[in-house]
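Report on the following structure.
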Amino acid sequence: GVVLGVRLLELLRELGVETHLVLTRAASLTIGQELDRSLEVVKALATVSYPVSDVGAAIASGSFRTDGMIVAPCSMRTLAAIASGGTDTLLTRAADVTLKERRRLVLLARETPLHLGHLRNMVAVTEMGAVVMPPVPAFYAAPTTLEAIVDQILGRALDLFGLRDAAARGHPVDRAGLDALDRADRIAMDDRRDGIEECQRVRAGRGADRLCKTGRGQRAGCDDGRPV
């Protein structure tokens, strides 16, 4: 799931947002396995990049003002460390600072299936103020590419930070980045509307007692002819 973090850096760069990157050792290894990019190229996408061992970095202090933090993706190990207040790496220290300063912390928790320990850690970080957001695809949008799935997930994550709202208020947010997020939303909404309309046509033609089983109807969340 390292593509989530890399694409997030690209979107934030397009939006003109300053970013501070921390890569765990596992993330550094996964980049080489999952993406056709070097570690140096990924680090260059961020405004500043820190070693995960640099617990004295700027983002380790609450006096360094940020809008928040996203862990993308968030492993169950990192989730457990944040839930228990462990701060032995820069990643977990920065997350702990984000929570104590009452700033937005979004965790794209990636694991399945989940055991009770995972679920309890999710409850714990939620009670502490974090947002647990598993990177679940919006299948009703009938995405045809991995890029479309990733952009839709990250668009929802970035909405938690109000970036589109900030642009509406006249703050300096790059339009190109907003267009990338809006595109994913438009595809999802257009396809859902088309699917609901097709469900209604099928129901009218076959009777209310027939199930709507067309491909587009299922994508739109239509069961017995009624959009849900």
Side-chain angles (χ1 to χ4, degrees), residues 1-28 30-31 39 42-111 118 121-136 150-151 153-167 171 173-174 177 181:
V2 73
V3 65
L4 293 165
V6 174
R7 180 57 178 155
L8 178 63
L9 286 171
E10 292 175 341
L11 288 172
L12 289 169
R13 191 174 191 179
E14 292 173 4
L15 288 165
V17 176
E18 179 180 324
T19 55
H20 293 250
L21 173 66
V22 181
L23 289 170
T24 63
R25 180 175 177 274
S28 299
T30 307
I31 286 172
L39 194 59
V42 172
K43 289 181 177 179
L45 293 171
T47 309
V48 184
S49 178
Y50 306 95
V52 71
S53 60
D54 187 7
V55 293
I59 57 174
S61 172
S63 61
F64 185 79
R65 299 296 301 274
T66 70
D67 292 326
M69 178 176 176
I70 302 181
V71 182
C74 180
S75 69
M76 293 300 100
R77 177 179 180 177
T78 297
L79 173 70
I82 295 171
S84 64
T87 58
D88 56 336
T89 71
L90 179 57
L91 176 63
T92 54
R93 170 60 184 168
D96 195 67
V97 166
T98 301
L99 289 174
K100 80 181 183 70
E101 298 295 329
R102 305 300 190 265
R103 298 168 187 159
R104 178 75 79 184
L105 175 63
V106 177
L107 308 176
L108 271 60
R110 182 209 53 77
E111 189 58 83
H118 297 151
N121 286 333
M122 290 182 183
V123 170
V125 296
T126 300
E127 290 175 340
M128 294 159 68
V131 176
V132 178
M133 183 187 159
V136 180
V150 169
D151 278 0
I153 292 170
L154 295 178
R156 294 199 64 188
L158 290 175
D159 278 344
L160 293 171
F161 291 85
L163 288 174
R164 283 188 255 210
D165 293 337
H171 291 278
V173 177
D174 194 300
L181 301 182

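Everything numeric in this text was worked out from a predicted model, so none of it was measured.
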Polar side-chain atom of Thr30 near backbone of Ala26 as donor-acceptor pair, under 3.5 Å: yes

Please give me the minimum heavy-atom distance between Leu9 and Ala46, naming the atom from each residue. CD2-CB, 4.1 Å

Heavy-atom donor-acceptor pair, Arg93 side chain to Ala60 backbone, under 3.5 Å: yes

Where Met122 and Ala109 come nearest, the two heavy atoms and their spacing: CE-CB, 4.0 Å

Is it true that Glu10 and Arg13 make a salt bridge, defined as a side-chain N closer than 4.0 Å to a carboxylate O? no

How long is the gap from OG1 on Thr87 to CG on Asp96, to the nearest 0.5 Å? 6.0 Å

Looking only at non-hydrogen atoms, find the nearest pair between Val22 and Leu90 and report the distance. CG2-CD2, 3.7 Å

Any non-hydrogen side-chain atom of Leu11 less than 4.5 Å from a side-chain atom of Asp151? yes

Mind checking whether Val136 and Ile153 have side chains closer than 4.5 Å, heavy atoms only? no

Close side-chain approach of Leu158 and Leu12, heavy atoms under 4.5 Å: yes

So do the side chains of Leu108 and Leu8 get within less than 4.5 Å of each other, counting heavy atoms only? no

Shortest non-hydrogen contact between Glu101 and Gly62, atoms and distance: OE2-CA, 3.6 Å

Give a yes or no on whether the backbone of Pro135 and the side-chain of Arg156 come within a donor-acceptor separation of less than 3.5 Å. no

Residues 127-134 side chain polar contacts: donor-acceptor under 3.5 Å, at least two apart:
none

Check whether Arg104 reaches the backbone of Leu160 with its side chain - one donor and one acceptor, N or O, closer than 3.5 Å. yes

Have a look at Ser28 and tell me which of Leu23, Val42, Val52, Val2 forms a side chain to side chain contact (heavy atoms under 4.5 Å, CB included) with it. Leu23

What is the distance from atom SG of Cys74 to atom CZ of Arg110, rounded to the nearest 0.5 Å? 9.5 Å

For residues 44-63, which residue pairs qualify under ring-ring contact (aromatic ring centres under 6.0 Å, His included), counting only residues two or more places apart or in two chains? His20-Tyr50

Calculate, to the nearest 0.5 Å, the distance between atoms CZ and CG belonging to Arg77 and Asn121 respectively. 13.5 Å

When rounded to the nearest 0.5 angstrom, what is the spacing between CG in Asp54 and CD1 in Ile59? 8.5 Å

Are Leu91 and Met69 side-chain neighbours, meaning at least one heavy-atom pair lies under 4.5 Å? yes

Side chain proximity check, Val97 to Phe64, heavy atoms < 4.5 angstrom: no

To the closest 0.5 Å, what do you measure between OG (Ser53) and CG (Asp88)? 11.0 Å

Are any side-chain N or O atoms of Arg102 and backbone N or O atoms of Lys100, one a donor and one an acceptor, separated by less than 3.5 Å? yes

The side-chain hydrogen bond (donor to acceptor under 3.5 Å, both in side chains) partners of Thr92 (sequence neighbours excluded) come to Thr89

Look at atom CG of Asp67 and say whether more than 12 heavy atoms of other residues, nucleotides or ligands are closer to it than 6.0 Å. no

Distance, nearest 0.5 Å, that separates OG1 of Thr19 from CG of Leu45: 8.0 Å

